[in-house]
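Whatever order the structure lists ligands and atoms in, that order sets their numbers, starting from 1.
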Amino acid sequence: MDCLFCKIIKGEIPAKLIYQDDKVVAIDDINPQAPHHKLIMPKKHIATLNDLATADNELIGHMVQVAKKLAKDFNIAEEGYRVVMNCNAGAGQSVFHIHMHFLGGRPMMWPPG
Ligand code: AMP
Ligand code: ZN
């Protein structure tokens, strides 16, 4: 399958891996929008949020728990951080393997662009 993030997960394309377990990996975003900009993604290929099955609920919950752990590890849990998932092109999704953006280390504005 021609999927950039599947290739990163398999080690076929290099990336800075910052966390991994049996279900997910987290990497540095190649074009960081904040001092801490990580991408948390499932090892399993799921193209968009629209493709999630009810059976994936635990996986998504686990991704949120990984975000919480990263915030603690980076010592920004109290100051705050943001998690974002873009679904489809209109929302800015450019890689069609679901991923949670983890952003922190600077004040965040609302609404996002
Ligand atoms: P999205 O636009 O929500 O699909 O997010 C895709 C993200 O992947 C963007 O923030 C990109 O900067 C990031 N990205 C693209 N290619 C790579 C790569 N090879 N390694 C790490 N991050 C990447
Ligand atoms: Zn994939």
Margin query: Any side-chain to backbone donor/acceptor pair from Asp29 onto Asn31? Under 3.5 Å, distance only.
Written below: yes
Item checked: Contacting atoms of ligand 1, where contact means under 4.0 angstrom from a heavy atom of Gly92 -> 1 (P), 2 (O), 3 (O)
Notebook entry, point to check: Just how far is it from atom CE of Met85 to atom OG1 of Thr48, taken to the nearest 0.5 Å?
Noted result: 9.5 Å
Next item on the list: Can you establish whether the number of heavy atoms outside Glu12 located under 6.0 Å from its atom CD is more than 12?
Entry: yes
Checklist line | Which segment of Asn86 sits under 4.0 Å of ligand 1 when only heavy atoms are counted | finding: side chain
Next item on the list: Determine whether the side chains of Asn86 and His99 contain a donor N or O and an acceptor N or O closer than 3.5 Å.
Entry: no
Next item on the list: Under 4.0 Å, heavy atoms only, figure out whether ligand 1 is touched by the backbone of Ser94, its side chain, both or neither.
Entry: both
Check: Are there any protein N/O/S atoms under 2.8 Å from the Zn ion (ligand 2), and if so, which?
Finding: Cys3 SG, Cys6 SG, His45 ND1, His97 ND1
Next item on the list: For His36 and Tyr81, indicate whether the former's side chain and the latter's backbone hold a donor-acceptor pair under 3.5 Å.
Entry: no
Notebook entry, point to check: Checking side chain to side chain contact (heavy atoms under 4.5 Å, CB included) for the pair Lys68/Val64: CA distance, chi angles, key distance, verdict?
Noted result: CA-CA 6 Å; Lys68 175 181 142 186; Val64 177; 5.8 Å; no
Check: For ligand 1, is there an N or O atom under 3.5 Å from any N or O atom of Ile27?
Finding: no
Checklist line | Proximity to ligand 1 by part of Val84, non-hydrogen separation under 4.0 Å | finding: neither
Check: Under 3.5 Å, side chain of Arg106 to main-chain N/O of Gln33, donor-acceptor pair present?
Finding: yes
Next item on the list: Classify the angle between the aromatic ring planes of His101 and His37 as parallel (below 30°), tilted (30 to 60°) or perpendicular (above 60°).
Entry: tilted
Next item on the list: With heavy atoms under 4.0 Å as the rule, classify the contact between Leu4 and ligand 1 as side chain, backbone, both or neither.
Entry: side chain
Item checked: Where ligand 1 meets Asn31 - atom numbers and elements under 4.0 angstrom, heavy-atom basis -> 12 (O)
Checklist line | Asp28: numbered ligand 1 atoms lying under 4.0 Å from its heavy atoms | finding: 21 (C)
Note to self: Quick test of your reading of the structure: of Gln93, His101, Lys16, whose heavy atom lies closest to atom 3 (O) of ligand 1?
What the structure shows: His101
Next item on the list: Considering only non-hydrogen protein atoms, determine which one is nearest to atom 5 (O) of ligand 1 and report residue, atom name and distance to 0.1 Å.
Entry: His99 NE2, 2.9 Å
Checklist line | Under 4.0 Å to a heavy atom of Phe5 - the qualifying atoms of ligand 1, by number | finding: 8 (O)
Notebook entry, point to check: Is the number of heavy atoms from other residues, nucleotides or ligands under 6.0 Å of Asn57 CG greater than 12?
Noted result: yes
Note to self: Does Val84 form a side chain to side chain contact (heavy atoms under 4.5 Å, CB included) with Met100? I'd like the steps, not just the answer.
What the structure shows: CA-CA 6 Å; Val84 179; Met100 182 178 285; over 6 Å; no
Checklist line | Close N or O approach (Ile30, ligand 1; < 3.5 Å) | finding: yes
Check: What is the closest protein heavy atom to atom 10 (O) of ligand 1, and at what distance does it sit?
Finding: Asp29 OD2, 2.5 Å
Checklist line | Backbone of Asn88 reached by a side-chain donor or acceptor of Gln93 within 3.5 Å | finding: yes
Notebook entry, point to check: Under 3.5 Å, is there a donor-acceptor pair between the side chain of Asp56 and the main chain of Leu59?
Noted result: no
